[in-house]
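All remarks here apply to the structure that follows.
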Amino acid sequence: MRDDARDWFGGINPGGWMAWTFPTALFFTIIAGLLILFTWLAIRFPETPRKGVLGIMTTRGDRLFISLLGSAFICLIWLGVMGMPVWGGLAVALIYAAAVFRWV
């Protein structure tokens, strides 16, 4: 690697107590941002729960939780079956999340 190049997958804090990498920090930043956004949406635009294909009443927050949980399993299955990289699993997870928010 060149001296002036950034190692995107190297540790952010070398020798620190936790092996934080840029992708890991970005992941948790996005999750925190989603939680803040959905909290603001719930306060600003309250919604009534709706009944979708699962037959249960869900709100935006419920659908976010279902999509995040399902996306984690999709990416784990992708890793187990296809291996690295996980870009294909991410694409499937985004399609899954869009379907959850539309029909659940």
Side-chain angles (χ1 to χ4, degrees):
M1 179 174 294
R2 296 185 339 249
D3 290 334
D4 61 338
R6 177 174 170 82
D7 183 12
W8 289 101
F9 297 101
I12 292 176
N13 183 16
W17 70 276
M18 189 170 179
W20 281 95
T21 62
F22 180 74
T24 305
L26 183 64
F27 172 78
F28 284 107
T29 302
I30 289 171
I31 297 298
L34 282 171
L35 291 174
I36 291 167
L37 173 68
F38 274 68
T39 301
W40 178 80
L41 284 172
I43 294 168
R44 181 78 170 105
F45 306 105
E47 72 168 333
T48 56
R50 69 175 193 208
K51 194 174 200 176
V53 296
L54 294 178
I56 58 174
M57 302 298 282
T58 60
T59 62
R60 273 186 230 109
D62 298 329
R63 291 187 292 275
L64 176 65
F65 178 74
I66 292 168
S67 64
L68 288 174
L69 190 61
S71 296
F73 283 111
I74 288 169
C75 288
L76 285 173
I77 291 168
W78 185 276
L79 273 173
V81 174
M82 303 296 287
M84 292 290 286
V86 192
W87 293 114
L90 177 63
V92 173
L94 289 173
I95 293 167
Y96 167 75
V100 166
F101 272 91
R102 174 68 179 99
W103 290 299
V104 173

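What you see is a predicted model, and the numbers here were worked out from it, not measured in a lab.
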Hydrophobic cluster membership, L35 vs F101, 4.5 Å side-chain cutoff: yes
Heavy-atom side-chain proximity of L54 to W103 below 4.5 angstrom: no
Do the non-hydrogen side-chain atoms of Y96 and I66 ever get within less than 4.5 Å of each other? yes
Report yes or no: does R102 contribute a side-chain atom to a donor-acceptor pair with the main-chain N or O of A97 at less than 3.5 Å? no
State yes or no: do L68 and L26 share one hydrophobic cluster built from I, L, V, M, F, W and Y residues joined by side-chain heavy-atom distances below 4.5 Å, directly or via other members? yes
Expected output: side-chain W78 to main-chain P85 donor-acceptor under 3.5 Å: yes
Backbone N/O of F38 and side chain of R60: donor-acceptor pair under 3.5 Å: no
Hydrophobic clustering (ILVMFWY, side-chain heavy atoms < 4.5 Å, transitive) - are L34 and F27 grouped together? yes
Looking at R63, K51, R50, which one forms a side chain to side chain donor-acceptor pair (under 3.5 Å) with T58? R63
So, do M84 and L79 sit near enough that their side-chain heavy atoms are less than 4.5 Å apart? yes
I36, F65: one ILVMFWY side-chain cluster at the under-4.5 Å cut-off? no
Separation between CG of L94 and CG of L90, rounded to the nearest 0.5 Å: 4.5 Å
Is I30 reachable from I95 through a run of hydrophobic residues whose side-chain heavy atoms are each under 4.5 Å from the next? no
